[in-house]
Amino acid sequence: MKAVGARLPRYDGVAHVTGRSTFVDDVRVTNMLWAKALRSPHHHAGIKSIDTSKAEAMPGVHAVVTASDVPRNVYGHLEALGIPGDEPLLAEEDVRYLGQPIAVVAADSEEAAQAGVQAIEIELEERPALFDVRLAADPDAPKIHHWGNWYPHFEADFDHRQIRKGDVDKAFADADVIVSGVYRPAAIEQLPLETQTGLAVPEPDGRLTIYSCTQALYFSMGVVAAHLQWPLNKLKFVGGTVGGGFGGKVDTATETLIALLALKSGRPVKWRWTREEEFLCSSTRAPWHMEIADAVTKDGWILGRKMLTLHDSGAYARFSPYGVTKHSFHHTGAYTIPNLHFDGYCVFTNRPPTSAMRGFGVTSVSFATELHVSRIAEVLGIDPFELRLRNANRIGDTSPNWISYTDPSTVPTILEIAGAVGHELGGDYRGMTRDPREGELLPDHLVAQQKLNGDGH
Amino acid sequence: MKLTVNGREHKVESAPLTPLLHVLREELTITSPKAGCQQGGCGACTVLVDGQPLRSCLMPVAAVEGSKVTTLEGIGTPERLAPVQAAFYEQYGSQCGFCTPGFLMATHALLERSPSPTREDIEEALSGHVCRCTGYVKILASVEAAARGDVGEEKAEPSLDDAQPGEPGVLVPGSPA
């Protein structure tokens, strides 16, 4: 273990500081075309007609691709897990977010490609749009997705992610106080310095080489192969030098469309999103709406939690069901709450599809839980550090999905924070460890959650 | 038009209003300046024009004709890192690397005109540069190390012998390893 804790040189450090690192935009190939996209000017609209003939006749334009050129236009990011797809690569009948791609053009220069985009004739019929996840879940909200306004394909055809643990009714009957709160963190753009960029090069043997800034190379390869209906061995992906991702480069953004343009034109095609496209059209961290009610005792035990989560999936599902699942497993934050009733929905809005960002699905509930625990402490008049230490995950406690913790870090972390900010703790708390519960730290209501280990049986 | 970049004179065929960034990257194949926003907001395209850091994405090439343009390729090489490069390398001032060329050019210009800058001077000089990875702490530490001359082989710690197999295998002269 010599490398752990050691200051080692970065293997790519010298290349970075001398300008030698080859990001996708730095790859040089001859005869290359540039791509630009016709994107939806509306948040929600029906496509009545599209005519690309003038664009195709423009000087410098070498290929125009619309939905009818895509061998398999609708493919879901989670289809490999048996979840059906809902998102077209290029819009067909309707557009559901501002900036959704409708057609792409490859031309001699970015300017010529943009001129080609502007020459595409399209007729759209604007429809009402939804931007707030809470309002989108109202029964009388306009219907904006062909599956309904929330994702219906969790296991066993559940239309939400559900967790039931312990006896939540008893917890609420036994409580001295019920503390409620609503938490609504907003969307955040990952904002990598390198915008989404891809370069597709047709090879003489019929294969395609794709230079990609994806964070998930083999995943993107699968997505491209599925849309093209190609075997994987006809694709060569080159990647690994990523100019910042932070979760925003998990979704496949450019690769499939430049592949189609390269095949249609027979020439290498690069697509480098503008900063404006990155802000307006790329996936963001989701907005969330979280409602929490906790059953608590006067001396600071959290007996039970009821929680309703609405995750803003944006216009399509992509990875959101996965994010909500992670969210549900972590919905008690760093604390042990033995009796749980959780419902989480993936709600569609007319925002760009949301995706991963640094702790996909979990940062939202950590934010909500920490605020909520502080609120409980305020209601009870208890030291917020001590309330946290008392309910902190310890070895042998179980998560909402019955995983038994073997290495929980809540107690040492909170003790460290108290020390760092000079917060005086009461005697019992000062030397607290994360060792398995016993004595006063193992009241009756926490015994049952420890009896089932691992598999929940 | 003629353009002198990193001491070499090039004949440029791009139109006069083409951004310098585009001429450097697409015509001259000098790719260290990056197209981060192409609207002067992120600093990743920064190059030196007669020693002054400028946004190459906003600068028409005609405006710099006859000037000396310096890019990151012109201040040091992997074999011979400039002090600012060595400092960013050793102090982990570069993470994904995309903003790094711009930060390095701005730092290089700062230390040329002000060899012992205060923290405020550094923050002022780098204020137009955006980095999304580091949180800036290690960038500031890198600039301060460069200003102190706190770079070089004797800082190496530990040696690569301490690393596990599979750790970085390519080392260059001047590396801290």
Side-chain angles (χ1 to χ4, degrees), chain A residues 1-30 32 34 108-111 188-197 213 215 240-249 270-279 357-358, chain B residues 22 25-26 29-39 41-44 71-78 81-82 84-90 92-102 104 130-133 142 156-158 160-164 167-172 174-177:
Chain A
M1 297 289 278
K2 288 178 189 168
V4 174
R7 282 174 71 88
L8 293 170
R10 290 182 58 109
Y11 76 96
D12 52 3
V14 168
H16 278 356
V17 301
T18 54
R20 265 73 170 175
S21 293
T22 306
F23 295 91
V24 174
D25 196 24
D26 302 333
V27 175
R28 304 288 110 179
V29 294
T30 55
M32 187 189 82
W34 291 85
D108 288 329
S109 64
E110 285 186 294
E111 292 76 13
I188 301 175
E189 164 59 32
Q190 294 89 350
L191 197 80
L193 263 284
E194 174 199 48
T195 59
Q196 290 282 3
T197 306
C213 68
Q215 288 177 247
T241 303
V242 181
F246 320 110
K249 287 174 179 165
K270 180 193 280 185
W271 191 10
R272 181 179 68 192
W273 286 17
T274 63
R275 181 55 58 189
E276 187 181 12
E277 284 178 296
E278 189 74 29
F279 267 117
M357 184 176 177
R358 299 213 156 171
Chain B
H22 192 83
R25 292 184 55 84
E26 306 303 330
T29 321
I30 295 169
T31 56
S32 73
K34 303 300 181 204
C37 71
Q38 299 184 80
Q39 43 190 247
C42 76
T71 70
L72 186 54
E73 288 89 343
I75 69 167
T77 63
L81 297 178
V84 290
Q85 292 173 310
F88 270 67
Y89 174 47
E90 292 166 12
Y92 305 94
S94 174
Q95 198 164 316
C96 86
F98 203 81
C99 71
T100 306
L104 281 168
V130 178
C131 169
R132 192 67 162 140
C133 300
S142 300
E157 187 194 357
L160 250 203
D161 298 338
D162 292 339
Q164 296 287 340
E167 287 292 341
V170 182
L171 284 183
V172 294
S175 138

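Worth knowing before you read on, the calculation uses all heavy atoms, side chains too, and leaves out hydrogens, waters and symmetry mates. Throughout, protein chains are lettered first and strands after them, A, B, ... in sequence-line order, and every chain is numbered starting at 1.
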*Taking every heavy-atom pair that is under 4.5 Å apart, which of B:G76, B:A35, B:P101, B:A82 has the most such pairs with chain A?*
B:A35
*asked:* According to ring-ring contact (aromatic ring centres under 6.0 Å, His included), who are the partners of A:F23, at least two apart in sequence or on a separate chain?
replied: B:F98
_Separation between CD of B:E26 and CG of A:D25, rounded to the nearest 0.5 Å_ = 6.5 Å
_How long is the straight-line distance from OG of A:S109 back to NE2 of B:H22, given to the nearest 0.5 Å?_
8.0 Å
*Could you check if a side-chain atom of B:Q85 sits within less than 4.5 angstrom of a side-chain atom of A:T18, using non-hydrogen atoms only?*
yes
_For B:Q38, which atoms come within 4.5 Å of any heavy atom of chain A: side chain, backbone, both, or neither?_
side chain
_What's the separation between atom CG in A:D26 and atom OG1 in B:T29, rounded to the nearest 0.5 Å?_
11.0 Å
*asked:* Nearest 0.5 Å, please: how far is CZ in B:R25 from CZ in A:R28?
replied: 5.0 Å
*asked:* Just so I know, are the side chains of A:R20 and B:P78 near enough to count as touching, which here means a heavy-atom distance under 4.5 Å?
replied: yes
*Are the side chain of B:R132 and the backbone N or O of A:G243 linked by a donor-acceptor pair below 3.5 Å?*
no
_Nearest 0.5 angstrom please: B:C37 SG to A:F279 CZ, how far?_
9.5 Å
*Tell me, out of A:T197, A:L193, A:D12, who's got the most heavy-atom pairs with chain B below 4.5 Å.*
A:L193
*For the candidates A:T195, A:V242, A:T274, A:L191, which exhibits the highest count of non-hydrogen atom pairs separated by less than 4.5 Å from chain B?*
A:L191
*What pair of heavy atoms forms the shortest contact from B:S32 to A:G19, and how long is it?*
CB-CA, 3.8 Å
*Non-hydrogen atoms of chain A under 4.5 Å away: do they reach the side chain of B:S94, the backbone, both or neither?*
both
_Heavy-atom proximity to chain B below 4.5 Å, by part of A:Q190_ = backbone
*A:R10 side chain to B:Y92 main-chain N or O, any donor-acceptor pair under 3.5 Å?*
no
_Using every non-hydrogen atom in the two residues, find where B:Y89 and A:P9 come nearest and quote the distance to one decimal._
OH-CB, 3.1 Å
